[in-house]
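All values below were derived from every heavy atom in this structure, side-chain atoms included, with hydrogens, water molecules and symmetry-related copies excluded. Numbered from 1 within each chain, the chains take letters A, B, ... in sequence-line order.
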2 protein chains.
Amino acid sequence: MSLPHAILTSLLEKPGSGAELAQRFDKSIGYFWQATHQQIYRELARLEERGLIRSAAREATRGRKRDFAVIPAGLAELERWTSLAQDPQPVRDALLVRLRAAAVIQAGTVQADTARAGILRAELARHRELHQRQLSFYQAVEAHDFAAGSEARAPGTPDHRLQHAVLRAGIMFERAWVSWAEETLRTLEP
Amino acid sequence: MSLPHAILTSLLEKPGSGAELAQRFDKSIGYFWQATHQQIYRELARLEERGLIRSAAREATRGRKRDFAVIPAGLAELERWTSLAQDPQPVRDALLVRLRAAAVIQAGTVQADTARAGILRAELARHRELHQRQLSFYQAVEAHDFAAGSEARAPGTPDHRLQHAVLRAGIMFERAWVSWAEETLRTLEP
DNA sequence: CTTGGCATGTAACTGGTTACATGATTGG
DNA sequence: CCAATCATGTAACCAGTTACATGCCAAG
């Protein structure tokens, strides 16, 4: 149940149309909650029907831009949702499934399979690179928006600190992935 | 597309019925890929139809146990899938959405909202505890199965090292969550 | 006035969740 | 033989993905 609330958050920050939201999702909330434009349009329709947002234009016209804004009931819903206790979501990662599968295949193979092991190492190295790139990007954002004496709008305010905490979570994950990949590559060296 | 392969992996390790798989998912592959028994039954039916696994009993009888085993085509499919290049999945976490929502609400609030800030801190502390517990659990597994001179079946073999790498990923994530939560709690102190 | 791209939308499907139903097996 | 539990299954729904269709608008 996060998508509607992610949309409410983004609209609260700045009203806009479905296409604008889709773009914004590609470069802010989308870093930790993704959505395609189809999901966004569907969700906007539901949010309007539930009376949590309102669009300027009365009727939906295909092709014509339609701006949405959060109305008080929507803000109340967002406040309610953020105050709820929600358990952490368990990890769900395909690479780990693949490693476990590789382990089981290995165990059932009589001879050492060097070709397979090489593919695995290459894949780990590739993931290390991708996570390293994402990490560098997050660090650049941090330097730009959150460093002492930066251009940030309102440094030191509670909301500024919260935004920073979210970014730091991203940094932490990427760092963890990078060092895990390095460590794993070392233990799998030929 | 990970669930069918997670099931193939589990069945390759040890053939079994849908219910047994559901139990095993609760305590091994399920640590990084969850599935309910309904998903598992649905997927077992598809895998059998695709000719990747085979059940002992000819027909499905409601209530009667049905054991499945991977057949060669299933092993081939698993080998194919593990050799594929797959990009890392982007982070998707509701807590981070909630923090961002809280930041936006804060920014729009005139006076500091101490009640809301307290709820947030309590939630962060709760998550820290839960992640700490999961971390301790993983560490206990590591000590039991992977420590030098442990009771592990085949220490030092490639599959043993892969299994360990998967476990270390879990440890790393939980550690990252715990230290992030601690850091964030410090910056949000009243 | 037409073409390209922007904005919105429909349709069909897959994956995951929740609620519930029913047959088989076993311990008392 | 009956209740509890195990094992399998159906149904309906929600979330996410992919492919495609259509209307608007502005630049050339």
ring-ring contact (aromatic ring centres under 6.0 Å, His included) involving B/Tyr41 - partner list, sequence neighbours excluded: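 By the ring-ring contact (aromatic ring centres under 6.0 Å, His included) rule, B/Tyr41 matches B/His37.
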
Short side-chain to backbone donor-acceptor contact, A/Glu123 and B/Gln86, under 3.5 Å: yes

Spacing between A/Arg66 atom CZ and C/dA7 atom C1', to the nearest angstrom: 12 Å

Whole-Å gap separating P (D/dC24) and CZ (A/Arg64):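 Computing the A/Arg64:CZ to D/dC24:P distance gives 6 Å.
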
Angle between terminal axes - the helix from C/dC1-D/dG28 to C/dG28-D/dC1, 5 pairs each end, rounded to 10°: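 If I round to tens, the end axes sit 0° apart.
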
A/Phe146 and A/His160 aromatic ring geometry - parallel, tilted or perpendicular at 30°/60° bounds: tilted

Set of salt bridge (Lys or Arg N to Asp or Glu O under 4.0 Å) partners for A/Glu182, sequence neighbours left out: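 Salt bridge (Lys or Arg N to Asp or Glu O under 4.0 Å) check on A/Glu182 returns nothing, list empty.
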
Hydrophobic cluster identity match, B/Met1 and B/Leu52, side-chain contacts under 4.5 Å: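 Each belongs to a different hydrophobic cluster.
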
Hydrophobic cluster identity match, A/Ile119 and B/Val166, side-chain contacts under 4.5 Å: no

Per-pair distances, 0.1 Å, donor-acceptor, side chain in residues 172-179 of chain B, under 3.5 Å, sequence neighbours excluded:
residue: B/Glu174; atom: OE1; partner: B/His131; partner atom: ND1; Å: 2.6
residue: B/Ser179; atom: OG; partner: B/Arg175; partner atom: O; Å: 3.3
residue: B/Ser179; atom: OG; partner: B/Ala176; partner atom: O; Å: 3.3

Summary of protein contacts for nucleotides 12-20 of chain D, nucleotide by nucleotide, where a base hit scores B, a sugar-phosphate-only hit scores S (4.0 Å, heavy atoms): ---SBBBBB

Under the side chain to side chain contact (heavy atoms under 4.5 Å, CB included) test, residues paired with B/Leu130 that sit two or more places apart: A/Asp87, A/Pro88, B/Arg126

A/Tyr41 side chain near C/dG9 phosphate (N/O to OP1/OP2, under 4.0 Å):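 For C/dG9, OP1/OP2 do not have a side-chain N/O of A/Tyr41 under 4.0 Å.
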
